[in-house]
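Data block below; observations after.
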There are 2 protein chains.
Amino acid sequence: MTAPLHEAHPTGAGRALPNTQQGMRRRNLARVMHTVSAEGPLSRAAVASRIGLTRAAVSTLVDELIRSGLLEELGPERPGRVGRPGSALAVSGRGPAGIGAEIGVDHLAVCAVDLRGEVRSRAIRHGANRGRAPEPVVAELHQLVRRVVAEAESEGLWPAGLAVAVPGLVARDARTVVRAPNLDWRDTDLADLLPTDFSLTVGNEADFGALAELWLGHGTPRDFLHVSAEIGIGAAVVVDGGLLRGTRGFAGELGHVPVQPDGPECPCGGRGCLEQYAGEEAVLRAAGLEPGEDRVGLLAGRAADGDEAVRRALRDAGTAFGIALTGAVNLLDPESVVLGGALAGLAPWLLPSLEAELDRRTAGPACPVSVSRLGPEGPLLGAAHSVVRAVLDDPVAVAERA
Amino acid sequence: MTAPLHEAHPTGAGRALPNTQQGMRRRNLARVMHTVSAEGPLSRAAVASRIGLTRAAVSTLVDELIRSGLLEELGPERPGRVGRPGSALAVSGRGPAGIGAEIGVDHLAVCAVDLRGEVRSRAIRHGANRGRAPEPVVAELHQLVRRVVAEAESEGLWPAGLAVAVPGLVARDARTVVRAPNLDWRDTDLADLLPTDFSLTVGNEADFGALAELWLGHGTPRDFLHVSAEIGIGAAVVVDGGLLRGTRGFAGELGHVPVQPDGPECPCGGRGCLEQYAGEEAVLRAAGLEPGEDRVGLLAGRAADGDEAVRRALRDAGTAFGIALTGAVNLLDPESVVLGGALAGLAPWLLPSLEAELDRRTAGPACPVSVSRLGPEGPLLGAAHSVVRAVLDDPVAVAERA
DNA sequence: ACTATTTCGTCATGGCCGTTTACAAATTAG
DNA sequence: CTAATTTGTAAACGGCCATGACGAAATAGT
């Protein structure tokens with residue numbers, strides 16, 4: 001008897017365990033997993049004091065988790081304190097693994113992450129995907145997935161799910177890509193194209209990047225705005241440790257926030273959207289460069305070389321970002337703003353004007369802006385970790401499948 | 001033994017019951033209360049099927065709630081179906097009541113709402129409060145509260161808490177008014193000034209208005225943006241049935257979203273904020289009117305009379321609203337936008353240009369804009385209901401105090 | 001009118017789960 | 001070497017919901 005869990009989306013709080021004794025137990029199992037996962041090797045007594053249960057209760061919970069292969073007993077702790085030393089518990093390095101995949105404009109990537117959060121296998125394939133039909137692209141991705149899964153299995157892992165990051169809008173069913181302008185895909189159901197034994201969920205690349213920042217970033221708060229950009233400009237709103245997705249799943253469209261109401265027309269129907277000033281295409285044009293292969297790298301390289309036109313273009317883009325973010329910060333009052341994805345690499349030239357504009361326009365202490373250290377790896381890692389989190393959130397569900 | 005509940009704020013999800021059997025029971029008691037409250041008189045069996053418990057379990061829960069005086073047995077239902085008729089249960093019309101209060105620029109108001117959601121007592125006092133010191137204003141409010149409480153008590157109710165709506169920013173402690181420009185108050189701790197036997201919480205007027213819309217509005221979704229305005233322009237973001245408050249509690253400052261980055265300077269430090277175009281002062285100036293007493297009524301009256309200058313001023317304000325809301329809608333993807341508070345009265349002249357601008361600037365189906373039917377009563381009702389909701393959310397906590 | 005059927009509320013029983021209490025094991029402090 | 005402290009486990013206990021059975025109160029059919 002398995003209740004449907006995470007019905008909506010693994011990148012969101014899909015927690016809907018029933019309020020029964022069994023639900024309570026499942027929540028407590030999840031709390032043990034989360035505690036051990038977050039705070040390293042811990043004794044049963046330490047876990048008990050952290051989650052507010054008795055040692056006896058934690059003992060039975062841990063027993064069940066060990067039997068399921070989700071926790072491991074590392075042996076006695078080396079004691080520095082008086083008293084009998086505890087037996088260290090750690091999340092298992094075998095058992096379920098999260099498979100993350102990314103469909104980028106210029107590459108495909110897949111990786112497997114174990115419950116400890118370590119990447120155990122990865123595969124990448126470079127090559128432009130823009131304008132290619134979904135079927136061959138997904139077929140290639142499928143190959144990579146099989147390779148990564150095989151390698152993970154050879155290390156004693158088994159896939160608990162696959163999460164795919166795509167550069168576009170994803171419907172709330174977490175299966176279909178509604179619109180991916182960089183790939184020229186529309187209404188593509190990836191679940192049809194990518195048959196697997198395990199669960200498949202599709203999510204926006206920027207959203208997964210934000211989750212990676214939330215889960216893997218150092219000192220990242222639970223309320224922040226994560227801005228990333230490839231061609232479009234996407235933002236992810238993280239509220240209380242969860243992603244804000246919006247009614248249709250379209251939240252975070254920072255790129256179409258009006259910056260100059262009388263500015264140039266935008267394909268979205270508006271005028272003067274942020275994308276018209278800070279989008280990749282706009283910046284390249286302002287810098288007098290031709291769109292080529294590695295556009296972000298090109299910009300960063302030229303800027304580092306001291307190309308004044310490029311620097312000015314990035315400065316102006318930063319100013320436009322500052323204006324749009326002023327609106328977002330006023331509306332959401334986040335604890336910080338994080339620049340991730342491709343923007344992280346351009347931060348040195350964007351940040352000064354961006355922060356100046358934001359500071360100038362907001363009363364009181366300004367909202368701090370930081371740069372993601374995950375960089376382009378973010379979305380892939382976020383996707384894989386979203387599966388891992390789903391396991392931690394409901395350990396029995398996967399234990400039953402093992 | 002009473003665990004601290006609702007530690008943060010009653011206008012937000014303060015639900016933090018421990019994951020124990022007692023916590024489970026308390027959550028189930030709350031579910032029974034909510035179900036009966038929302039769906040009118042209901043039999044035990046009907047409640048059981050709705051919340052997924054057995055009739056036996058619901059029986060014991062209901063027994064406890066009746067003993068606490070929170071539920072009432074209305075007697076046998078008139079049956080239209082086969083089978084023994086159930087015994088109708090309803091939320092008690094006696095017992096705890098929520099006291100709501102509002103400190104407006106031109107008035108003070110207090111009301112008492114019973115668990116059924118009915119207003120059982122009210123008091124209002126007109127008179128300008130702008131620029132008055134907090135102490136005398138709060139003393140007057142205190143008088144009104146005493147009067148309303150006395151009347152409620154004469155009907156068998158007792159105050160379960162007091163919630164005060166103020167036109168300004170409120171700190172996350174839900175006690176102190178950080179800044180209320182219309183009153184000229186800064187860092188005022190209302191809990192010091194307003195001593196009561198029962199709990200006191202302070203909240204932003206626009207937030208309470210949004211909650212009233214959420215709880216009392218007809219067909220209001222669980223994700224929407226509620227815009228209201230007195231002098232400042234405030235918006236409240238409702239996500240998944242809860243208020244988004246932000247790190248410092250300042251979320252929803254729609255008034256300072258940039259509309260024209262090079263527009264007139266704003267006291268906030270920015271330029272061309274929405275408030276400079278659609279704030280009360282700006283609209284009055286554009287319409288060629290002097291700021292007087294009932295400014296909104298004045299505008300509405302003149303517009304209804306066909307005053308072209310006023311109508312143009314409101315049209316232009318609507319356009320500015322449309323630009324700012326485009327950004328908000330792109331960022332949040334709400335299910336709808338609701339115009340409440342003073343804006344509701346001006347909607348006929350604001351809406352056309354607002355909707356036109358919003359439609360023009362957003363791709364795909366536009367976000368529907370509606371007008372609140374609660375009007376100026378919203379904040380007061382929302383405040384009182386927030387106390388009622390807190391009771392429904394944790395019935396045992398108040399039962400212990402009874 | 002009378003019986004069969006359906007639904008409601010309750011009671012006794014049982015199972016699940018965390019707590020309490022007690023105890024053995026393993027370490028440090030003196 | 002003893003006392004103190006901490007850990008992990010086992011048994012008894014209590015709280016809570018599920019199960020199943022039963023009487024009560026209505027309708028449906030004969």
- Message: Between A/Val47 and A/Ile51, is the side chain to side chain contact (heavy atoms under 4.5 Å, CB included) condition met? List the steps.
- Response: CA-CA 6 Å; A/Val47 172; A/Ile51 65 179; 4.2 Å; yes

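- Listed for the A/Arg50 side chain is no donor-acceptor partner under 3.5 Å among the backbone atoms of A/Val32.
- Rounded to the nearest 0.5 Å, atoms CZ (B/Arg172) and CZ (B/Arg245) are 5.0 Å apart.
- For B/Asn28 and D/dC17, the shortest distance from a side-chain N or O to OP1 or OP2 is below 4.0 Å.
- Residue side chain A/Arg84 does not reach the base of D/dT6 through any donor-acceptor N/O pair under 3.5 Å, judged by distance alone.
- In this structure, the CD atom of A/Glu77 is 9 Å from the P atom of D/dT7, given to the nearest Å.
- Within residues 48-65 of chain B, the residues approached by DNA chain C to less than 4.0 Å at the level of any non-hydrogen atom are B/Arg55, B/Ala56, B/Ser59, in residue-number order.
- At least one side-chain nitrogen or oxygen of A/Arg25 sits closer than 4.0 Å to the OP1 or OP2 atom of C/dG18.
- At D/dT27, none of the side-chain N or O atoms of B/Arg81 fall inside 4.0 Å of OP1 or OP2 (strictly under the cut-off).
- A salt bridge is defined here as a Lys NZ or Arg NE, NH1 or NH2 lying under 4.0 Å from an Asp or Glu carboxylate O, and A/Glu64 with A/Arg25 meets this definition.
- In this entry the distance linking CD1 of A/Ile66 with C1' of D/dG8 reads 12 Å, nearest Å.
- As a whole-Å value, the separation of B/Leu29 CG from D/dC17 P is 8 Å.
- Each of A/Ser43 and B/Val82 has a nearest nucleotide on DNA chain D; the 5'-most of these lies closest to A/Ser43.
- Atom CZ of B/Arg78 is separated from atom P of D/dT27 by 11 Å (rounded to the nearest Å).
- Rounded to a whole Å, the CZ atom of B/Arg26 is 15 Å from the C1' atom of D/dG15.
- For the pair B/Leu71 CG and C/dG9 P, the computed distance is 13 Å after rounding to whole Å.
- Counting atom types as modelled, B/Gln21 pairs a side-chain N or O with a base atom of C/dC17 as donor and acceptor under 3.5 Å.
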- Task: Step by step, work out the side chain to side chain contact (heavy atoms under 4.5 Å, CB included) result for A/His385 and A/Leu211.
- Result: CA-CA 8 Å; A/His385 272 88; A/Leu211 291 174; over 6 Å; no

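- Checking the phosphate oxygens (OP1, OP2) of C/dT10, a side-chain nitrogen or oxygen of B/Arg44 falls inside 4.0 Å.
- Judged by distance alone, the side chain of B/Asp223 and the main-chain N or O of B/Glu335 form no donor-acceptor pair under 3.5 Å.
- Whole-Å rounding puts the B/Gln22 CD to D/dC17 C1' distance at 15 Å.
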Pairs of donor and acceptor atoms involving the side chains of residues 79-92 of chain A, under 3.5 Å and at least two apart or interchain, shall be tabulated with distances.
residue: A/Ser87; atom: OG; partner: A/Glu73; partner atom: OE2; Å: 2.4
residue: A/Ser92; atom: OG; partner: A/Gly69; partner atom: O; Å: 3.3
residue: A/Ser92; atom: OG; partner: A/Arg94; partner atom: N; Å: 2.9
residue: A/Ser92; atom: OG; partner: A/Arg94; partner atom: O; Å: 2.8

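- Distances from the side chain of A/Pro85 to the nucleotides D/dT27, C/dA26, D/dC16 place C/dA26 closest.
- The interatomic distance linking A/Asn19 (CG) with C/dC16 (P) rounds to 19 Å, in whole Å.
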